[in-house]
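Note that this is a predicted model, so its numbers are computed, not measured. FYI, the numbering just counts along the sequence from 1. Because only heavy atoms are used, hydrogens play no part in the values below, and waters and symmetry mates are left out as well, while side chains stay in.
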Amino acid sequence: MLARWRGASLRTHLLVRLAGLFCVMAGIFFFASLQAVNASTQQALEEREVVAQLMDERIDAQLGHALAMLQSAVADEDQNLTEGDLAPIESQLQGLFEHSILFKRILLLDATGVVRWTAPHPDRMMGASLAAPPYNIQLAEASHPAFLQTMGFRTEKPGVAVMYPVHSRGGSIMGYVCGWIDLGDPRASSL
């Protein structure tokens, strides 16, 4: 075999050496391009992570604001959900609904999760239990202010229920105020 190689023409030697050189250069270019792609991918991932963190902060701020709005609507400790006169809290919640750009619906629930009042359509959900199917809201998770991922009330749209418990003067939960954000609604496009 070695004798054949020595006896080959200069042209064959040049072709084999050029082919080898070409393979080495192609390998170098392939390795360099692979490194460039990896570096570019890493940079893109880092940029996406920064964007995700900024979006997370923005969403946290907006949901925190939504929770603060619900809290301010029921801040008066003299309101008692167990009594028959819900007019003061209904008035505050209706005003909140009318001025909110996030909430698609605001509900007032009793301690068991039954709807006592709702905006914008007071008659559609009255008496429905959000703790029962198809809503299945876990009221135990809402023993403190909470954000619960839910499907839409009477729809299949994904949403976020902002639950704020209303406590009596003794500290027990009298009911809940729930602001529902429809994630498909243009009013919630900021989220």
- [ ] Assess the side chains of Gln53 and Glu57: does a donor N or O sit below 3.5 Å from an acceptor N or O?
- [x] no
- [ ] Please answer: with hydrophobic residues joined when any side-chain heavy atoms are less than 4.5 Å apart, are Leu67 and Phe103 in the same cluster?
- [x] yes
- [ ] Show your reasoning for whether side chain to side chain donor-acceptor pair (under 3.5 Å) applies to Gln94 and Glu90.
- [x] CA-CA 6 Å; Gln94 184 66 39; Glu90 289 174 2; over 6 Å; no
Open item on the list: Tell me if a side-chain donor or acceptor on His65 pairs with a main-chain N or O of Ala61 at a distance below 3.5 Å.
Closed with: no
Open item on the list: For the backbone of Phe29 and the side chain of Ser33, can you confirm whether one donor and one acceptor N or O come within less than 3.5 Å of each other?
Closed with: yes
Open item on the list: Measuring only between side-chain heavy atoms, which start at C-beta, is Ile106 closer than 4.5 Å to Thr118?
Closed with: no
Task: Point-to-point distance, once rounded to the nearest 0.5 Å, from CZ of Phe30 to SG of Cys23 - done: 13.5 Å
Task: Contact check, side chains of Met163 and Leu109, non-hydrogen atoms, under 4.5 Å - done: yes
Open item on the list: Do Leu108 and Val114 land in one hydrophobic cluster if side-chain heavy atoms of ILVMFWY residues count as linked below 4.5 Å?
Closed with: no
Task: Euclidean distance, Arg105 CZ relative to Ile181 CD1, rounded to 0.5 Å - done: 14.0 Å
Task: Note, Leu96 side chain near Leu70 side chain (heavy atom, < 4.5 Å) - done: yes
Task: Distance (rounded to the nearest 0.5 Å) between Thr112 OG1 and Tyr176 OH - done: 9.0 Å
Task: Rounded distance [0.5 Å steps], CE in Met126 versus CZ in Arg116 - done: 8.0 Å
Task: Glu47, Arg48, Met55 screened by side-chain contact (heavy atoms from CB on, under 4.5 Å) with Val51, the one that passes - done: Met55
TODO: With rounding to the nearest 0.5 Å, note down the distance linking CE in Met25 to CG in Leu18.
DONE: 11.0 Å
Task: Gap between atom CZ of Arg58 and atom CG of Leu63 - 0.5 Å precision - done: 11.5 Å
TODO: Might you point out which heavy atoms bring Phe97 and Lys104 nearest each other, and give the distance in Å?
DONE: CE1-O, 3.3 Å
